[in-house]
2 protein chains.
Amino acid sequence: MATIYQVSELAGVSLATVSRVMNKNTRVSDKTKKKVLDAMEQLGYKPNSIAQSLASNCTNSVGILVSELHGPFFAQMMAGIESELRAAGKHVIITTGHSEEDKEQEGIEFLISRRCDAIILHVEAVSDDYLIKLSKGSTPVYLMSRYVEQLKDNCISLDNQLGGYLATKSILNHGHTQIAYIAGPQFKADAFNRLEGHKQALAEAGIKFDPALFYIGDFNETGGSKGLKHFIDEKLSFTALVCANDEMASGAMKYAREHGYNLPNDLSIVGFDNVIFANYLYPTLTTIDNPVGKMGEMAAKLVLKDVYQNKNLVINRFFEPTLMQRDSSAPLIK
Amino acid sequence: MATIYQVSELAGVSLATVSRVMNKNTRVSDKTKKKVLDAMEQLGYKPNSIAQSLASNCTNSVGILVSELHGPFFAQMMAGIESELRAAGKHVIITTGHSEEDKEQEGIEFLISRRCDAIILHVEAVSDDYLIKLSKGSTPVYLMSRYVEQLKDNCISLDNQLGGYLATKSILNHGHTQIAYIAGPQFKADAFNRLEGHKQALAEAGIKFDPALFYIGDFNETGGSKGLKHFIDEKLSFTALVCANDEMASGAMKYAREHGYNLPNDLSIVGFDNVIFANYLYPTLTTIDNPVGKMGEMAAKLVLKDVYQNKNLVINRFFEPTLMQRDSSAPLIK
DNA sequence: ACCTTAAATGTAAGCGCTTTCATATGCAAT
DNA sequence: ATTGCATATGAAAGCGCTTACATTTAAGGT
């Protein structure tokens with residue numbers, strides 16, 4: 001593989017000049033530039049990015065830590081990040097944290113030891129304090145779908161409360177008034193805020209929040225089926241069910257169908273996230289679109305702007321979810 | 001950030017010795033080893049992996065090229081590759097080819113210019129010749145789900161014919177004899193081999209392949225719905241439908257349901273791949289499991305063995321798919 | 001023609017490691 | 001003690017670039 005030295009020799013110039021034509025930031029006369037370019041062409045020269053990194057103290061790589069590679073968000077988020085970064089000639093190093101505190105920390109240390117220019121984290125197990133301390137280090141840290149006040153400039157987050165509001169609001173608009181709610185684990189900020197949105201919509205409609213029609217699930221399918229089972233076993237009266245994510249909505253739909261419900265006429269169901277399979281469910285799931293792909297793109301843009309001095313990028317750190325009306329929810333039949 | 005030089009100073013030894021205790025391959029006396037380790041500890045020393053790469057001509061990184069990050073296989077494949085490689089201290093650099101020839105080539109060049117120690121490709125647009133030429137270069141090339149005779153030692157592939165056979169066989173076992181088939185684009189080896197398996201199963205059962213009950217789809221949902229529409233419009237008689245992938249099976253299921261079919265009683269449907277949403281469909285989709293996760297792991301192991309001299313790994317280049325019997329196919333009701 | 005100044009190019013010192021080769025050390029055998 | 005040998009350690013070159021600084025070149029003003 002040709003080196004910069006061979007190029008300089010063939011072109012009859014110094015190493016520095018070759019480096020200059022590669023880095024385009026200092027002026028080189030057109031004549032010598034051409035000589036150098038020709039020599040590169042002739043030798044099939046490709047700069048050694050490792051040597052560049054060492055000399056310039058910039059690896060052109062961004063580390064990404066996600067919970068699970070096969071989780072529903074990861075792929076879309078990654079697609080967003082990768083396309084932005086790749087277009088800028090940067091690359092992405094990926095690792096996983098499996099939602100466990102020590103594995104997340106280990107993954108972060110791994111990325112830092114690889115000398116990533118920045119890291120984008122989608123973590124849940126690690127504490128806010130840890131993140132704050134981490135961000136004092138030399139590697140810039142960005143957070144996806146997690147808001148930490150002290151790090152607010154580095155957070156890309158979703159307005160979960162608005163999402164929760166929209167979900168319940170869509171059901172209210174359909175004339176429902178007896179609405180059950182299956183929440184996610186309340187120590188997770190997302191779950192908490194979605195519930196807040198639900199309560200807000202109810203309050204606005206003059207309906208008081210009924211603790212009996214409230215169940216805390218685990219964000220998995222079983223959480224949804226257990227939740228619905230609970231409401232049914234308690235012989236409660238309700239015509240709609242709002243779930244804090246799509247997995248639980250799917251679990252609830254399965255349970256409902258197995259117990260003779262005709263969806264959506266007997267029960268309207270709404271999810272949250274608009275994961276890939278929402279559109280494959282039967283009936284197709286009405287849900288709140290969580291624009292993770294767009295948020296990934298934005299995280300990448302933020303890195304490009306902050307770390308790689310790509311000045312004129314417009315940054316939006318706060319995303320608004322939208323309603324995806326499909327077939328699992330419908331107007332109340334009196 | 002501490003350098004090896006500072007460690008050597010604090011420990012009162014030479015650079016070389018510090019390097020030796022890091023690389024564990026040459027003997028260092030226990031006494032000096034301890035001094036060095038203590039010094040590292042005290043300084044919080046982390047080796048600079050970039051400098052290591054430059055000096056050792058080994059980047060400890062493996063490039064991965066996939067068609068789409070949000071495609072159904074990618075996540076599982078990646079999860080397999082990443083977990084294996086990460087455990088060995090290597091990392092993964094990811095990029096996409098979007099199934100377009102020039103983008104795939106560009107992605108490959110990008111990975112090579114990053115000096116990956118090996119690249120794992122999941123490509124479809126690029127030609128066999130290109131791959132053969134590529135593998136003559138200095139970066140070892142591995143192929144996922146693609147078999148090229150000349151590169152057979154570097155291919156991890158699935159027995160698609162067996163899969164096609166199993167799919168149709170399961171339907172035959174249910175007593176069906178009028179079986180429609182929606183194939184994938186026949187220039188794709190996977191699609192071709194799956195069809196071969198289908199024919200083999202028919203032949204074995206003494207049923208002759210009927211070109212009227214055969215349709216070539218596009219591997220997307222629309223291919224499935226169009227295929228089924230075609231069969232119905234032609235007023236053909238069939239009680240089962242085998243599709244060459246799950247997307248088409250899903251499309252066919254939607255079309256069937258919209259046209260009053262009661263699944264699986266009016267029509268048994270089988271897919272192929274067992275993508276993540278197969279289990280979320282209604283009824284849940286009977287399909288052929290494509291063990292992409294395992295194949296990803298194996299690709300990583302192969303790299304570990306070939307490139308990183310990890311001798312005692314057992315390699316299996318050929319994977320066998322298995323039947324996932326679910327609710328979308330059932331015994332024929334006479 | 002001569003001096004000044006800006007632009008173009010060259011020189012050489014790193015970046016933080018690995019690794020070859022040379023040297024020092026310790027120990028057993030004489 | 002002396003030799004020999006294996007083992008432990010050090011010195012220094014080099015991996016392929018970037019970049020501060022020094023030097024050369026060209027152009028403009030008098």
Side-chain angles (χ1 to χ4, degrees), chain A residues 1-40 43-61 89 112-117 138-139 308-309, chain B residues 1-40 43-61 89 112-117 138-139 308-309:
Chain A
M1 204 134 241
T3 71
I4 196 176
Y5 180 75
Q6 297 169 33
V7 174
S8 78
E9 228 177 9
L10 183 61
V13 298
S14 72
L15 288 191
T17 303
V18 178
S19 176
R20 284 184 188 107
V21 347
M22 289 200 290
N23 296 306
K24 305 172 198 295
N25 40 25
T26 8
R27 285 209 48 74
V28 177
S29 76
D30 289 351
K31 202 171 52 189
T32 53
K33 186 187 287 182
K34 184 172 184 327
K35 279 194 298 186
V36 171
L37 259 18
D38 287 351
M40 284 180 172
L43 292 168
Y45 171 76
K46 296 262 192 288
N48 181 323
S49 60
I50 296 295
Q52 288 179 315
S53 294
L54 183 59
S56 65
N57 195 30
C58 165
T59 60
N60 289 308
S61 68
I112 291 177
S113 82
R114 286 294 184 192
R115 297 299 199 270
C116 293
D117 297 332
S138 50
T139 308
Y308 297 116
Q309 286 81 37
Chain B
M1 204 135 240
T3 71
I4 196 176
Y5 179 75
Q6 296 168 32
V7 173
S8 78
E9 228 177 8
L10 183 59
V13 298
S14 74
L15 289 190
T17 303
V18 177
S19 176
R20 283 184 188 108
V21 348
M22 288 199 292
N23 296 305
K24 306 174 200 291
N25 40 23
T26 8
R27 284 210 47 73
V28 177
S29 75
D30 289 350
K31 200 171 51 188
T32 52
K33 185 187 287 181
K34 183 172 184 330
K35 279 194 298 188
V36 171
L37 259 18
D38 286 350
M40 284 179 171
L43 292 168
Y45 171 76
K46 294 261 193 291
N48 181 324
S49 60
I50 297 295
Q52 288 178 316
S53 294
L54 182 60
S56 65
N57 195 31
C58 165
T59 59
N60 289 308
S61 69
I112 292 177
S113 83
R114 285 296 188 194
R115 297 296 199 273
C116 293
D117 297 331
S138 50
T139 306
Y308 297 115
Q309 287 81 38

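No hydrogens, no waters, no symmetry mates; every other heavy atom, side chains included, goes into these values. In what follows, chains carry the letters A, B, and so on, assigned in the order in which the sequence lines appear, proteins first and then strands, with residues in each chain numbered from 1.
Rounded to whole angstrom, the span from the CG atom of Asn57(A) across to the C1' atom of dT19(D) amounts to 13 Å. Between the CD1 atom of Ile50(B) and the P atom of dT18(C) there is a distance of 13 Å, rounded to whole Å. Remark: C1' of dT11(C) and OH of Tyr5(A) are 13 Å apart, rounded to the nearest angstrom. Rounded to whole angstrom, the span from the OH atom of Tyr45(A) across to the P atom of dG16(D) amounts to 10 Å. Look at CE on Met22(B): it is 13 Å from P on dG16(C), rounded to the nearest Å. If you take CD1 of Ile4(B) and P of dT19(C), they are 11 Å apart, rounded to a whole angstrom. Remark: P of dC17(C) and CE of Met1(B) are 10 Å apart, rounded to the nearest angstrom. As a whole-Å value, the separation of Leu54(B) CG from dC17(C) P is 12 Å.
Listed here is the closest heavy atom pair of Tyr308(A) and Cys58(A): CE2-SG, 4.1 Å. In terms of heavy atoms, Val36(A) sits closest to Ala11(A) at CA-CB, 4.0 Å. Closest of all the heavy-atom pairs between Thr139(A) and Ile112(A) is OG1-CG2, 3.9 Å.
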Please tabulate, one pair per line, each protein N/O and nucleotide N/O from nucleotides 8-13 of chain D that are separated by under 3.5 Å, including the distance.
from    : atom 1 : to       : atom 2 : distance (Å)
dA8(D)  : OP1    : Arg27(B) : NE     : 3.1
dA8(D)  : OP2    : Arg27(B) : NE     : 3.4
dT9(D)  : OP1    : Ser29(B) : OG     : 2.9
dT9(D)  : OP1    : Thr32(B) : OG1    : 3.0
dT9(D)  : OP2    : Ser29(B) : N      : 3.0
dT9(D)  : OP2    : Thr32(B) : OG1    : 3.0
dG10(D) : OP2    : Ser14(B) : N      : 2.8
dG10(D) : OP2    : Ser14(B) : OG     : 3.2
dG10(D) : OP2    : Thr17(B) : OG1    : 2.8
dG10(D) : N7     : Arg20(B) : NH1    : 3.2
dG10(D) : O6     : Arg20(B) : NH2    : 2.4

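Panel note: side chain Ser56(A), backbone Gln52(A); a donor-acceptor pair is recorded below 3.5 Å. When atom types are taken as modelled, the side chain of Ser8(A) and the backbone of Val18(A) share no donor-acceptor pair closer than 3.5 angstrom.
With the end axes of the helix from dA1(C)-dT30(D) to dT30(C)-dA1(D) each set by five pairs, the angle from one to the other reads 40° at 10° resolution.
Residue Asn57(A) qualifies as open at atom CG: its count of foreign heavy atoms under 6.0 Å is 12 or below.
Residues Arg114(B) and Thr59(B) form no side-chain contact, since every pair of their non-hydrogen atoms from C-beta on lies 4.5 Å or further apart.
If you check every strand for non-hydrogen atoms under 4.0 Å, Ser19(A) touches a base. Backbone-only engagement by Asn48(A) is indicated by non-hydrogen atom pairs under 4.0 Å involving sugar-phosphate atoms exclusively.
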Q | Test log, rule side-chain contact (heavy atoms from CB on, under 4.5 Å), inputs Gln6(B) and Leu10(B) | A | CA-CA 6 Å; Gln6(B) 296 168 32; Leu10(B) 183 59; over 6 Å; no
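The CE atom of Met22(A) sits 11.0 Å away from the CG atom of Leu37(A) when rounded to the nearest 0.5 Å.
Residues Ser56(B) and Asn23(A) each lie close to DNA chain D; by heavy-atom proximity, the contact nearer the 5' end of the strand is made by Ser56(B).
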